[in-house]
Asks: 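The structure is given below, and queries will be raised subsequently.
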Amino acid sequence: MKLASLREKSQEELVQEVNELTQELFKLRFRHATHQLEDNSQLREVKRNIARVKTILRERELEAQRKA
């Protein structure tokens with residue numbers, strides 16, 4: 001997931017993306033707990049993607065506050 005593609009998305013799309021990634025993280029954690037997850041690096045990647053999206057959302061929030 002590239003930052004440039006995330007920055008092009010609207011606020012609503014980013015919130016939806018966070019929700020989808022959170023659901024995916026839950027599923028991956030469940031598979032990991034039941035020893036069905038073969039590639040543990042997926043957990044790390046999803047967590048990082050969530051952080052990226054939340055960072056962009058926070059940047060936009062701070063920018064809106066500065067303008068006001």
Side-chain angles (χ1 to χ4, degrees):
M1 184 173 294
K2 298 289 183 178
L3 280 178
S5 65
L6 288 175
R7 291 188 192 278
E8 294 172 357
K9 293 186 177 186
S10 68
Q11 188 81 6
E12 295 81 22
E13 290 174 330
L14 290 174
V15 171
Q16 182 181 359
E17 186 76 27
V18 169
N19 291 336
E20 291 172 3
L21 288 169
T22 305
Q23 289 176 357
E24 184 178 348
L25 181 61
F26 175 78
K27 291 176 186 176
L28 288 173
R29 283 181 174 162
F30 186 79
R31 289 177 55 201
H32 179 70
T34 59
H35 302 289
Q36 295 176 351
L37 185 63
E38 294 177 8
D39 187 11
N40 292 337
S41 65
Q42 290 175 336
L43 286 168
R44 178 189 227 180
E45 187 63 30
V46 171
K47 287 179 187 179
R48 287 182 178 185
N49 288 337
I50 291 171
R52 285 184 184 109
V53 175
K54 285 187 174 184
T55 299
I56 293 172
L57 287 171
R58 180 67 178 154
E59 287 174 351
R60 289 184 181 178
E61 180 182 325
L62 292 175
E63 185 178 324
Q65 286 179 357
R66 283 188 212 129
K67 289 182 180 179

Asks: Taking atom CD of Glu17 and atom CD of Glu24, what is their separation to the nearest 0.5 Å?
Replies: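 Output value for this atom pair is 9.0 Å.
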Asks: How long is the gap from OG1 on Thr22 to CD1 on Ile50, to the nearest 0.5 Å?
Replies: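 That separation rounds to 4.0 Å.
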Asks: In residues 58-68, what donor-acceptor pairs under 3.5 Å come from side-chain atoms, sequence neighbours left out?
Replies:
{"unit_1": "Arg58", "atom_1": "NH1", "unit_2": "Glu61", "atom_2": "OE2", "d": "2.8"}
{"unit_1": "Glu59", "atom_1": "OE1", "unit_2": "Arg7", "atom_2": "NH1", "d": "2.7"}
{"unit_1": "Arg60", "atom_1": "NH1", "unit_2": "Lys9", "atom_2": "O", "d": "2.9"}
{"unit_1": "Arg60", "atom_1": "NH2", "unit_2": "Arg7", "atom_2": "O", "d": "2.7"}
{"unit_1": "Arg60", "atom_1": "NH2", "unit_2": "Lys9", "atom_2": "O", "d": "2.8"}
{"unit_1": "Glu63", "atom_1": "OE2", "unit_2": "Lys67", "atom_2": "NZ", "d": "3.4"}

Asks: Pairs of donor and acceptor atoms involving the side chains of residues 27-37, under 3.5 Å and at least two apart or interchain, shall be tabulated with distances.
Replies:
{"unit_1": "His32", "atom_1": "ND1", "unit_2": "Asn40", "atom_2": "OD1", "d": "3.4"}
{"unit_1": "Thr34", "atom_1": "OG1", "unit_2": "Phe30", "atom_2": "O", "d": "3.1"}
{"unit_1": "Thr34", "atom_1": "OG1", "unit_2": "Arg31", "atom_2": "O", "d": "3.2"}

Asks: So, do Arg52 and Thr55 sit near enough that their side-chain heavy atoms are less than 4.5 Å apart?
Replies: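 Heavy-atom side-chain distance check fails, nothing below 4.5 Å.
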Asks: Quick one: list whatever passes side-chain contact (heavy atoms from CB on, under 4.5 Å) with Ser5, sequence neighbours left out.
Replies: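 For Ser5 the side-chain contact (heavy atoms from CB on, under 4.5 Å) partners, ignoring immediate neighbours, are Lys2.
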Asks: Test side-chain hydrogen bond (donor to acceptor under 3.5 Å, both in side chains) on Gln16 and Glu20; report intermediate values, then the result.
Replies: CA-CA 6 Å; Gln16 182 181 359; Glu20 291 172 3; 3.2 Å; yes
Asks: Can you tell me how far CD1 of Ile56 sits from CD of Glu8, rounded to the nearest 0.5 angstrom?
Replies: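 The CD1 atom of Ile56 is 10.5 Å from CD of Glu8, to the nearest 0.5 Å.
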Asks: From Leu21 CG over to Glu45 CD, what is the distance, rounded to the nearest 0.5 angstrom?
Replies: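 Interatomic distance, Leu21 CG to Glu45 CD, rounded to 0.5 Å: 10.0 Å.
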Asks: Quick check on the hydrophobic clustering: are Val15 and Val46 connected, directly or via other members, by side-chain heavy-atom contacts under 4.5 Å?
Replies: yes
